[in-house]
Amino acid sequence: MGATVIHSVLLFDGVSTHPNATVTFDRESGRITSVSTTPTSSTHFPPGAAVIDGQGCTLLPGLIESHMHVHNLHLPPGASEDDILRSPLRCGVTTLKALVDTWPNVTVDNAAEFVKSHKANGADYIKLMQENCCSLAMPTGAIPVATLELQTAVVKAGHDAGFPVVGHALSVDMTEVVLKSGADGLTHTFVDQPLPSSTLDLYKKNNAFVIPTLTILASLTNELQDWRDRFADLAKQKKLVDDFSVQNMRETMNAKDEAAKLEYAFDAIKTFRQEGIDVVAGTDSVAGLKGSGLGPSLWMELLLYIEKCGMSVTEALHSATALPAMRFGFSDRGVVAEGKRADLVLVKGNVTEELAALWEGEGIVGVWKQGIKAS
(Lines give C-alpha, C1' and ligand atoms only; values in the text may rest on other atoms or scores of the structure.)
Protein backbone atom coordinates (compact mmCIF):
# COMPACT_ATOMS: atom_id res chain seq x y z
CA MET A 1 0.00 0.00 0.00
CA GLY A 2 2.88 2.38 0.62
CA ALA A 3 1.23 3.74 3.76
CA THR A 4 2.96 6.08 6.22
CA VAL A 5 1.82 6.64 9.80
CA ILE A 6 2.90 9.61 11.92
CA HIS A 7 1.76 9.12 15.49
CA SER A 8 1.99 10.89 18.86
CA VAL A 9 2.38 14.22 17.06
CA LEU A 10 1.11 17.72 17.75
CA LEU A 11 -1.20 18.38 14.80
CA PHE A 12 -2.06 21.78 13.37
CA ASP A 13 -4.69 20.80 10.82
CA GLY A 14 -4.83 24.21 9.14
CA VAL A 15 -7.40 25.58 11.58
CA SER A 16 -7.05 23.95 15.00
CA THR A 17 -4.36 22.32 17.13
CA HIS A 18 -4.60 18.76 18.43
CA PRO A 19 -2.10 17.07 20.78
CA ASN A 20 -1.14 13.43 20.43
CA ALA A 21 -2.65 12.91 16.97
CA THR A 22 -2.11 10.13 14.44
CA VAL A 23 -2.18 10.74 10.69
CA THR A 24 -2.02 7.99 8.08
CA PHE A 25 -1.47 8.65 4.38
CA ASP A 26 -0.90 6.62 1.26
CA ARG A 27 1.88 7.10 -1.28
CA GLU A 28 -0.02 5.48 -4.13
CA SER A 29 -3.17 7.59 -3.88
CA GLY A 30 -1.36 10.64 -2.56
CA ARG A 31 -4.15 11.09 -0.03
CA ILE A 32 -4.60 11.16 3.74
CA THR A 33 -6.46 7.99 4.69
CA SER A 34 -7.17 8.69 8.37
CA VAL A 35 -6.72 11.30 11.08
CA SER A 36 -7.17 10.51 14.76
CA THR A 37 -6.93 13.21 17.41
CA THR A 38 -6.87 10.67 20.24
CA PRO A 39 -4.09 8.20 21.08
CA THR A 40 -4.08 5.28 18.62
CA SER A 41 -2.73 1.78 19.23
CA SER A 42 -0.16 0.45 16.79
CA THR A 43 -2.44 -2.53 16.25
CA HIS A 44 -4.61 -0.21 14.15
CA PHE A 45 -1.76 0.81 11.83
CA PRO A 46 -1.91 -0.58 8.26
CA PRO A 47 0.25 -3.70 7.83
CA GLY A 48 3.68 -2.86 6.45
CA ALA A 49 3.28 0.88 6.99
CA ALA A 50 6.30 3.13 7.53
CA VAL A 51 5.82 4.36 11.10
CA ILE A 52 7.20 7.70 12.33
CA ASP A 53 7.16 8.63 16.02
CA GLY A 54 6.08 12.29 16.05
CA GLN A 55 6.74 12.97 19.74
CA GLY A 56 8.20 16.44 20.18
CA CYS A 57 7.19 17.42 16.63
CA THR A 58 4.41 19.36 14.91
CA LEU A 59 2.65 18.14 11.78
CA LEU A 60 0.95 20.73 9.58
CA PRO A 61 -0.39 21.06 6.05
CA GLY A 62 2.06 21.89 3.29
CA LEU A 63 2.45 25.67 3.12
CA ILE A 64 0.81 27.59 0.28
CA GLU A 65 2.73 30.50 -1.26
CA SER A 66 -0.06 32.60 -2.76
CA HIS A 67 2.03 35.06 -4.76
CA MET A 68 5.24 34.19 -6.53
CA HIS A 69 6.51 34.17 -10.12
CA VAL A 70 7.92 31.05 -11.75
CA HIS A 71 10.38 32.33 -14.34
CA ASN A 72 14.05 33.15 -14.72
CA LEU A 73 13.82 36.68 -16.15
CA HIS A 74 15.71 38.22 -13.21
CA LEU A 75 18.51 35.64 -13.21
CA PRO A 76 21.86 36.45 -14.83
CA PRO A 77 22.83 34.47 -17.95
CA GLY A 78 23.96 30.97 -17.06
CA ALA A 79 22.57 31.05 -13.52
CA SER A 80 21.10 27.83 -12.15
CA GLU A 81 17.32 27.49 -12.19
CA ASP A 82 17.34 24.44 -9.90
CA ASP A 83 16.21 26.34 -6.79
CA ILE A 84 13.07 27.82 -8.37
CA LEU A 85 11.05 24.79 -7.25
CA ARG A 86 13.50 23.01 -4.95
CA SER A 87 14.07 25.78 -2.41
CA PRO A 88 10.38 26.37 -1.60
CA LEU A 89 9.88 22.64 -1.08
CA ARG A 90 12.75 22.53 1.42
CA CYS A 91 10.99 25.32 3.30
CA GLY A 92 7.74 23.36 3.53
CA VAL A 93 5.99 25.01 0.57
CA THR A 94 4.05 22.38 -1.39
CA THR A 95 1.75 24.67 -3.40
CA LEU A 96 2.88 27.73 -5.34
CA LYS A 97 0.36 30.21 -6.68
CA ALA A 98 2.57 30.81 -9.67
CA LEU A 99 2.14 33.97 -11.70
CA VAL A 100 3.72 33.72 -15.14
CA ASP A 101 3.76 37.27 -16.47
CA THR A 102 2.83 38.28 -19.99
CA TRP A 103 1.19 41.43 -21.36
CA PRO A 104 -1.92 40.38 -23.29
CA ASN A 105 -3.96 42.64 -25.57
CA VAL A 106 -7.27 42.58 -23.73
CA THR A 107 -10.25 44.80 -24.50
CA VAL A 108 -13.79 45.03 -23.19
CA ASP A 109 -14.95 43.23 -26.32
CA ASN A 110 -12.51 40.31 -26.16
CA ALA A 111 -12.34 39.85 -22.36
CA ALA A 112 -14.56 36.77 -22.41
CA GLU A 113 -12.46 35.11 -25.13
CA PHE A 114 -9.28 35.97 -23.21
CA VAL A 115 -10.58 34.24 -20.10
CA LYS A 116 -11.90 31.30 -22.11
CA SER A 117 -8.48 30.71 -23.68
CA HIS A 118 -6.76 30.84 -20.29
CA LYS A 119 -9.20 28.32 -18.87
CA ALA A 120 -8.49 26.00 -21.80
CA ASN A 121 -4.77 26.33 -21.06
CA GLY A 122 -5.23 25.23 -17.43
CA ALA A 123 -5.31 28.53 -15.52
CA ASP A 124 -6.65 28.51 -11.96
CA TYR A 125 -7.50 32.20 -11.65
CA ILE A 126 -7.18 35.59 -13.36
CA LYS A 127 -4.90 38.42 -12.25
CA LEU A 128 -5.48 42.09 -13.10
CA MET A 129 -2.66 44.63 -13.39
CA GLN A 130 -3.61 48.08 -12.04
CA GLU A 131 -0.57 50.32 -11.65
CA ASN A 132 -0.14 54.09 -12.01
CA CYS A 133 3.43 54.26 -10.60
CA CYS A 134 2.20 56.31 -7.62
CA SER A 135 4.24 54.13 -5.25
CA LEU A 136 7.06 53.32 -7.66
CA ALA A 137 10.00 55.47 -8.72
CA MET A 138 8.91 55.19 -12.35
CA PRO A 139 7.58 57.85 -14.72
CA THR A 140 3.80 58.19 -14.76
CA GLY A 141 2.48 56.19 -17.69
CA ALA A 142 5.44 53.80 -17.78
CA ILE A 143 2.90 51.03 -17.20
CA PRO A 144 -0.43 51.31 -19.06
CA VAL A 145 -3.27 52.10 -16.63
CA ALA A 146 -6.32 49.93 -17.25
CA THR A 147 -9.75 51.51 -17.09
CA LEU A 148 -12.43 50.48 -14.61
CA GLU A 149 -14.59 49.49 -17.58
CA LEU A 150 -11.96 47.03 -18.83
CA GLN A 151 -11.25 45.54 -15.44
CA THR A 152 -14.95 45.11 -14.74
CA ALA A 153 -15.34 43.23 -18.04
CA VAL A 154 -12.44 40.92 -17.18
CA VAL A 155 -13.78 40.27 -13.68
CA LYS A 156 -17.23 39.44 -15.03
CA ALA A 157 -15.73 37.08 -17.60
CA GLY A 158 -13.56 35.47 -14.91
CA HIS A 159 -16.46 34.94 -12.55
CA ASP A 160 -18.65 33.60 -15.38
CA ALA A 161 -15.90 31.02 -16.02
CA GLY A 162 -15.74 30.09 -12.33
CA PHE A 163 -12.38 31.78 -11.68
CA PRO A 164 -11.30 33.80 -8.66
CA VAL A 165 -10.01 37.18 -9.87
CA VAL A 166 -7.25 39.07 -8.07
CA GLY A 167 -5.44 42.29 -8.86
CA HIS A 168 -2.06 44.01 -8.48
CA ALA A 169 -2.14 47.50 -6.98
CA LEU A 170 0.39 49.36 -4.80
CA SER A 171 -1.57 52.57 -4.19
CA VAL A 172 -4.93 53.33 -2.63
CA ASP A 173 -6.55 54.72 -5.79
CA MET A 174 -5.52 51.72 -7.89
CA THR A 175 -6.64 49.35 -5.12
CA GLU A 176 -10.07 50.95 -5.23
CA VAL A 177 -10.26 50.49 -9.02
CA VAL A 178 -9.56 46.76 -8.56
CA LEU A 179 -12.19 46.48 -5.83
CA LYS A 180 -14.79 48.51 -7.74
CA SER A 181 -14.33 46.12 -10.66
CA GLY A 182 -15.61 43.33 -8.38
CA ALA A 183 -12.33 41.46 -7.88
CA ASP A 184 -12.02 38.88 -5.11
CA GLY A 185 -8.68 40.01 -3.70
CA LEU A 186 -5.54 42.11 -3.96
CA THR A 187 -2.11 40.58 -4.57
CA HIS A 188 -0.43 43.38 -2.56
CA THR A 189 -1.38 45.94 -0.02
CA PHE A 190 -0.55 49.61 -0.66
CA VAL A 191 2.31 51.75 0.64
CA ASP A 192 1.42 55.28 -0.56
CA GLN A 193 -0.85 56.46 2.30
CA PRO A 194 -2.77 55.30 5.38
CA LEU A 195 -5.84 53.12 4.91
CA PRO A 196 -8.90 55.26 4.05
CA SER A 197 -12.35 54.21 5.26
CA SER A 198 -13.54 54.08 1.62
CA THR A 199 -11.00 51.33 0.82
CA LEU A 200 -11.95 49.33 3.90
CA ASP A 201 -15.62 49.63 2.95
CA LEU A 202 -14.88 48.27 -0.55
CA TYR A 203 -12.98 45.31 0.90
CA LYS A 204 -15.98 44.53 3.08
CA LYS A 205 -18.47 44.98 0.25
CA ASN A 206 -16.59 42.49 -1.95
CA ASN A 207 -15.67 40.14 0.91
CA ALA A 208 -12.22 40.55 -0.65
CA PHE A 209 -8.93 39.22 0.69
CA VAL A 210 -5.44 40.66 0.60
CA ILE A 211 -2.04 39.07 -0.02
CA PRO A 212 0.23 41.59 1.76
CA THR A 213 3.64 40.72 0.18
CA LEU A 214 5.37 42.64 2.98
CA THR A 215 8.69 41.01 2.12
CA ILE A 216 8.87 42.48 -1.36
CA LEU A 217 7.33 45.79 -0.25
CA ALA A 218 10.21 46.12 2.23
CA SER A 219 12.61 45.64 -0.68
CA LEU A 220 10.70 48.25 -2.68
CA THR A 221 10.88 50.83 0.13
CA ASN A 222 14.42 49.88 1.18
CA GLU A 223 13.44 49.07 4.77
CA LEU A 224 14.03 46.12 7.16
CA GLN A 225 17.62 45.42 6.11
CA ASP A 226 18.22 43.53 9.36
CA TRP A 227 15.35 41.17 8.48
CA ARG A 228 16.73 40.49 5.01
CA ASP A 229 20.19 39.80 6.43
CA ARG A 230 18.72 37.46 9.04
CA PHE A 231 16.91 35.29 6.52
CA ALA A 232 19.75 35.42 4.01
CA ASP A 233 22.09 34.13 6.73
CA LEU A 234 19.55 31.42 7.52
CA ALA A 235 19.22 30.40 3.86
CA LYS A 236 23.01 30.16 3.58
CA GLN A 237 23.39 28.20 6.82
CA LYS A 238 20.74 25.66 5.81
CA LYS A 239 21.91 25.59 2.17
CA LEU A 240 18.42 26.42 0.95
CA VAL A 241 19.58 28.52 -2.02
CA ASP A 242 22.81 29.11 -3.93
CA ASP A 243 25.33 31.88 -3.20
CA PHE A 244 23.88 34.21 -5.85
CA SER A 245 20.44 33.94 -4.25
CA VAL A 246 21.83 34.53 -0.75
CA GLN A 247 23.39 37.81 -1.88
CA ASN A 248 20.25 38.68 -3.82
CA MET A 249 18.18 38.28 -0.64
CA ARG A 250 20.30 40.95 1.07
CA GLU A 251 19.80 43.55 -1.65
CA THR A 252 16.79 45.78 -2.36
CA MET A 253 14.92 47.15 -5.33
CA ASN A 254 14.87 50.57 -3.63
CA ALA A 255 12.38 51.79 -6.22
CA LYS A 256 9.76 53.59 -4.15
CA ASP A 257 8.17 56.94 -4.58
CA GLU A 258 9.33 59.37 -1.87
CA ALA A 259 5.97 59.23 -0.07
CA ALA A 260 5.80 55.43 0.15
CA LYS A 261 6.33 53.84 3.59
CA LEU A 262 6.16 50.24 4.78
CA GLU A 263 4.43 51.40 7.96
CA TYR A 264 1.29 52.10 5.90
CA ALA A 265 1.22 48.43 4.93
CA PHE A 266 1.68 47.22 8.51
CA ASP A 267 -1.11 49.47 9.77
CA ALA A 268 -3.46 48.44 6.96
CA ILE A 269 -2.95 44.73 7.67
CA LYS A 270 -3.55 45.31 11.39
CA THR A 271 -6.86 46.97 10.58
CA PHE A 272 -7.85 44.40 7.97
CA ARG A 273 -7.45 41.48 10.36
CA GLN A 274 -9.30 43.38 13.12
CA GLU A 275 -12.16 44.06 10.70
CA GLY A 276 -12.39 40.46 9.51
CA ILE A 277 -10.70 40.89 6.12
CA ASP A 278 -8.90 37.68 5.14
CA VAL A 279 -5.11 38.03 5.04
CA VAL A 280 -3.57 35.37 2.78
CA ALA A 281 0.18 34.71 2.88
CA GLY A 282 2.30 35.53 -0.15
CA THR A 283 5.58 37.28 -0.91
CA ASP A 284 5.80 38.21 -4.64
CA SER A 285 9.13 36.38 -4.71
CA VAL A 286 10.90 35.86 -8.03
CA ALA A 287 14.20 34.09 -8.70
CA GLY A 288 16.75 36.90 -8.92
CA LEU A 289 14.40 39.68 -7.79
CA LYS A 290 16.32 41.75 -5.23
CA GLY A 291 15.16 41.26 -1.67
CA SER A 292 13.43 37.93 -2.24
CA GLY A 293 14.34 34.28 -1.82
CA LEU A 294 12.03 31.51 -2.97
CA GLY A 295 11.01 29.70 0.20
CA PRO A 296 12.84 31.58 2.97
CA SER A 297 10.93 34.77 2.08
CA LEU A 298 7.65 33.08 3.06
CA TRP A 299 9.11 32.37 6.50
CA MET A 300 10.02 36.06 6.77
CA GLU A 301 6.56 37.07 5.56
CA LEU A 302 4.81 34.99 8.21
CA LEU A 303 7.05 36.35 10.96
CA LEU A 304 6.27 39.90 9.83
CA TYR A 305 2.55 39.16 10.22
CA ILE A 306 3.22 38.13 13.81
CA GLU A 307 5.74 40.78 14.89
CA LYS A 308 4.53 43.77 12.86
CA CYS A 309 0.81 43.11 12.29
CA GLY A 310 -0.35 41.50 15.54
CA MET A 311 -1.19 38.00 14.34
CA SER A 312 -0.88 34.95 16.55
CA VAL A 313 1.34 32.13 15.33
CA THR A 314 -1.61 29.90 14.46
CA GLU A 315 -3.29 32.78 12.63
CA ALA A 316 -0.16 33.23 10.53
CA LEU A 317 -0.02 29.49 9.81
CA HIS A 318 -3.71 29.55 8.87
CA SER A 319 -2.92 32.32 6.36
CA ALA A 320 -0.54 29.94 4.58
CA THR A 321 -2.61 26.74 4.73
CA ALA A 322 -6.39 26.44 5.04
CA LEU A 323 -7.22 30.07 4.23
CA PRO A 324 -5.56 30.36 0.79
CA ALA A 325 -6.90 26.91 -0.15
CA MET A 326 -10.40 28.13 0.64
CA ARG A 327 -10.06 31.52 -1.05
CA PHE A 328 -8.56 30.08 -4.25
CA GLY A 329 -10.93 27.11 -4.39
CA PHE A 330 -8.37 24.38 -3.71
CA SER A 331 -10.73 22.01 -1.95
CA ASP A 332 -8.22 19.15 -2.00
CA ARG A 333 -5.52 20.68 0.24
CA GLY A 334 -4.68 23.22 2.94
CA VAL A 335 -5.99 21.08 5.79
CA VAL A 336 -5.02 17.76 7.33
CA ALA A 337 -8.17 15.67 6.97
CA GLU A 338 -9.20 12.30 5.57
CA GLY A 339 -9.37 12.34 1.78
CA LYS A 340 -7.25 15.47 1.34
CA ARG A 341 -3.92 15.54 -0.46
CA ALA A 342 -1.06 14.25 1.64
CA ASP A 343 0.87 17.53 1.45
CA LEU A 344 2.45 17.57 4.89
CA VAL A 345 5.29 19.18 6.83
CA LEU A 346 6.84 17.69 9.97
CA VAL A 347 8.69 20.15 12.20
CA LYS A 348 10.82 19.45 15.25
CA GLY A 349 9.34 21.39 18.16
CA ASN A 350 6.05 23.22 18.70
CA VAL A 351 5.62 25.51 15.70
CA THR A 352 2.16 26.58 16.90
CA GLU A 353 3.81 28.43 19.79
CA GLU A 354 7.03 29.53 18.10
CA LEU A 355 7.10 30.08 14.35
CA ALA A 356 10.89 29.97 14.41
CA ALA A 357 10.65 26.21 15.00
CA LEU A 358 10.35 26.08 11.20
CA TRP A 359 14.00 27.06 10.88
CA GLU A 360 15.73 26.94 14.28
CA GLY A 361 17.48 23.77 15.45
CA GLU A 362 16.47 20.79 13.36
CA GLY A 363 13.57 22.77 11.93
CA ILE A 364 11.70 20.95 9.17
CA VAL A 365 12.50 17.24 9.35
CA GLY A 366 10.15 15.99 6.64
CA VAL A 367 8.10 17.27 3.69
CA TRP A 368 5.65 15.09 1.75
CA LYS A 369 3.92 16.13 -1.46
CA GLN A 370 0.98 13.93 -2.41
CA GLY A 371 2.30 11.29 -0.04
CA ILE A 372 5.81 11.15 -1.49
CA LYS A 373 8.73 12.15 0.73
CA ALA A 374 10.15 15.19 -0.99
CA SER A 375 12.57 16.71 1.50
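Count residues from 1 along the sequence.
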Distance-only side-chain donor-acceptor flag, E338 / T33, under 3.5 Å: no

Partner of T213 under side chain to side chain donor-acceptor pair (under 3.5 Å), chosen from E301, H67, H188: H188

Over 12 foreign heavy atoms within 6.0 Å of NZ, K116: no

Main-chain N/O of S285 paired to S297 side chain as donor or acceptor, under 3.5 Å: no

Neighbour count above 12 (heavy atom, 6.0 Å) for K156 NZ: no

N222 side chain to T252 side chain, donor-acceptor N/O pair below 3.5 angstrom: yes

Intermediate values then yes/no, salt bridge (charged side-chain N to carboxylate O under 4.0 Å, His left out), R250 and D233: CA-CA 9 Å; R250 300 185 194 279; D233 289 344; 2.7 Å; yes

Donor on one side chain, acceptor on other, E223 and T221, under 3.5 Å: yes

More than 12 heavy atoms from other groups under 6.0 Å of NZ on K261: no

Residue pair T95 / R333, side-chain donor-acceptor N/O under 3.5 Å: yes

Closest non-hydrogen atom pair, S292 against I216: CB-CD1, 3.8 Å

Side-chain donor-acceptor pair present, D26, S29, cut-off under 3.5 Å: yes

N20 and H7: side chain donor to acceptor below 3.5 Å: no

Between E176 and T199: side-chain donor-acceptor atoms closer than 3.5 Å: yes

Residues, nucleotides or ligands: over 12 heavy atoms within 6.0 Å of E149 CD: no

Over 12 non-hydrogen atoms of neighbours within 6.0 angstrom of CD in E307: yes

Pair R230-D226, salt bridge (charged side-chain N to carboxylate O under 4.0 Å, His left out): steps then yes or no: CA-CA 6 Å; R230 173 184 178 183; D226 55 336; over 6 Å; no

Test: R228 and E251 ion pair at under 4.0 Å: no

Partner of H168 under side chain to side chain donor-acceptor pair (under 3.5 Å), chosen from Q130, E131, K127: E131

Side-chain donor or acceptor of D332 paired with backbone N/O of R341 under 3.5 Å: no

D173 and S171: side chain donor to acceptor below 3.5 Å: yes

Stepwise ring-ring contact (aromatic ring centres under 6.0 Å, His included) test for H118 and F114: CA-CA 6 Å; H118 272 59; F114 167 78; 4.3 Å; yes

T352 and N350 side chains, donor-acceptor separation under 3.5 Å: yes

Aromatic plane relationship, Y203 with F272 - under 30° parallel, 30 to 60° tilted, over 60° perpendicular: tilted

Donor-acceptor pair between S245 and D242 side chains, under 3.5 angstrom: yes

